[in-house]
Amino acid sequence: MNKLSAPVGTPTIYCIGSDPYPEVKSALNDGASRCFATLDAFLLASARLAPGIVLLDADNLQDDVPGAIAALRTRGSLQAVLLSKAAPDFAFGVAAIRAGAVDILEKPLSEQRLLAAIRLATSRPRPRTPTTIARNIDRLTAREREVVAWLLYGLTNKEIGRELEISHRTVEIHRARLMRKLAVPSLPALIDVVLAQRDKLPDVGIARPSHAPGA
C-alpha cells in the first residue's frame, strides 16, 4: 500500500507548543517543518520566516485561543492556522473557527487526518451557496435542530441528554445523523453551516442561561 503524503508544494509547517510532532514529520516525509516552544517565540521569529501553515497546540497555550489566532493572523508568515487539542468540544470549535482557524485536530493526531487538514489549508474550496446551506439545514428534524442548538450553546452530549431527557448515546446518534445530512466531514465544517443558518435553530440558550459556558 502506498504511503499517504502531503501535496506537492506544501508550505512549511510551523508547530507551536509541542515538540516534536512525529506525525507531522511522517506526513511530510521529513519535509519542511519547524517547532517553536511558545507562541511568543514564533511571533518573534515570524518576520524572518517563509509563509507557511501554523499547527498550534491549544492544550499548551497559556493565552486565550482566539487571541492567539488573532495575533498569528497579523503576521505575513501565516498562510493558515490549524489547531490540535485533546477532546475539543463544540464551544471551543465555535470560538476557534470564528477567530479564523481552518481546522481543529483531535489529539492524538492521526496522520491521515493531519494530511486532510493540510490539503484543506492549501486549497481554495468553492464556497457553499446560501441556497445549498439552507436546503441542508431544512433537512434536519426538530430534534436534530435542538441538538445542534445546544451544541452551539456549548453543552456536552451528556448535558444535552439531560436537557432533552434522552440518553447521551441517543444524542450521539442524532449528532452523527445530522452531520451526514449536512454532508459535513468535521467539526469546523459543521460550525460553518450552523452559524450561517443559526436563525433556523430553536433559541434554547435563552431558556436556560445557567448552562452558558463558564457560568
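Just so it is clear, the values below take in all heavy atoms, side chains as well, and ignore hydrogens, waters and symmetry mates.
Rounding to the nearest 0.5 angstrom, the gap separating the CD atom in Glu163 from the NZ atom in Lys158 is 15.5 Å. Distance check, rounded to the nearest 0.5 Å: CG of Leu44 to OG of Ser46 gives 7.5 Å. A distance of 10.0 Å separates CD in Gln197 from CG in Leu182, rounded to the nearest 0.5 Å. Annotation: the span from Leu155 atom CG to Arg162 atom CZ amounts to 8.0 Å, rounded to 0.5 Å. For the atom pair OG1 of Thr122 and CG of Leu120, the computed distance is 8.0 Å after rounding to the nearest 0.5 Å.
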Applying side-chain contact (heavy atoms from CB on, under 4.5 Å), run through Val147 and Val171 and close with a yes or a no.
CA-CA 7 Å; Val147 169; Val171 174; 4.2 Å; yes
Check step by step if side-chain contact (heavy atoms from CB on, under 4.5 Å) holds for Leu55 and Leu114.
CA-CA 10 Å; Leu55 178 56; Leu114 174 59; 4.3 Å; yes
Quick one, Phe42 with Leu56, criterion side-chain contact (heavy atoms from CB on, under 4.5 Å). Give me CA distance, side-chain angles, the key distance, then yes/no.
CA-CA 11 Å; Phe42 173 80; Leu56 180 64; over 6 Å; no
Tyr14 vs Ile53, test: side-chain contact (heavy atoms from CB on, under 4.5 Å). Steps then yes/no.
CA-CA 6 Å; Tyr14 299 112; Ile53 298 171; over 6 Å; no
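Checked for salt-bridge contact, Glu172 and Arg169 meet the test: a charged N lies under 4.0 Å from a carboxylate O. A salt bridge does not link Lys85 with Asp57: every distance from a Lys NZ or Arg NE/NH1/NH2 to an Asp or Glu carboxylate oxygen is 4.0 Å or more. Under a 4.0 Å N-O distance rule, the pair Glu144/Arg177 does not qualify as a salt bridge.
A side-chain donor-acceptor contact under 3.5 Å links Asp59 to the backbone of Ala86. The main-chain N or O of Leu201 is never found under 3.5 Å from a side-chain atom of Arg145 such that the two would form a donor-acceptor pair. A donor-acceptor contact shorter than 3.5 Å is absent between the side chain of Thr170 and the backbone of Ile166. Judged by distance alone, with hydrogens and angles left aside, the side-chain atoms of Glu159 form a donor-acceptor pair with the main-chain N or O of Thr156 at under 3.5 Å. Looking at Arg113, its side chain never comes within 3.5 Å of a backbone N or O of Leu105 through a donor-acceptor pair.
Counting heavy atoms from C-beta on, the side chains of Arg34 and Cys15 never come closer than 4.5 Å. In this structure, the side chains of Ile160 and His174 stay at 4.5 Å or more apart for every pair of heavy atoms. Between Arg175 and Leu151, some side-chain heavy-atom pair lies under the 4.5 Å cut-off. For the pair Phe36/Leu43, no side-chain contact is recorded, criterion being any heavy-atom separation below 4.5 Å from C-beta on. Residues Val81 and Asp103 are not in side-chain contact: their nearest non-hydrogen atoms beyond the backbone lie 4.5 Å or more apart.
Of all heavy-atom pairs between Ala121 and Ala80, the closest is CB-CB, 3.7 Å. The two residues Pro51 and Pro11 have their closest heavy-atom pair at O-CB, 3.8 Å. For the pair Ala149 and Pro202, the tightest heavy-atom approach, listed with the atom from each and the gap, is CB-O, 3.5 Å. Contact between Gly93 and Ile104 at its shortest, heavy atoms only, is CA-CD1, 3.5 Å.
No option in Ile16, Ile13, Val102 other than Ile16 meets the side chain to side chain contact (heavy atoms under 4.5 Å, CB included) test with Val54.
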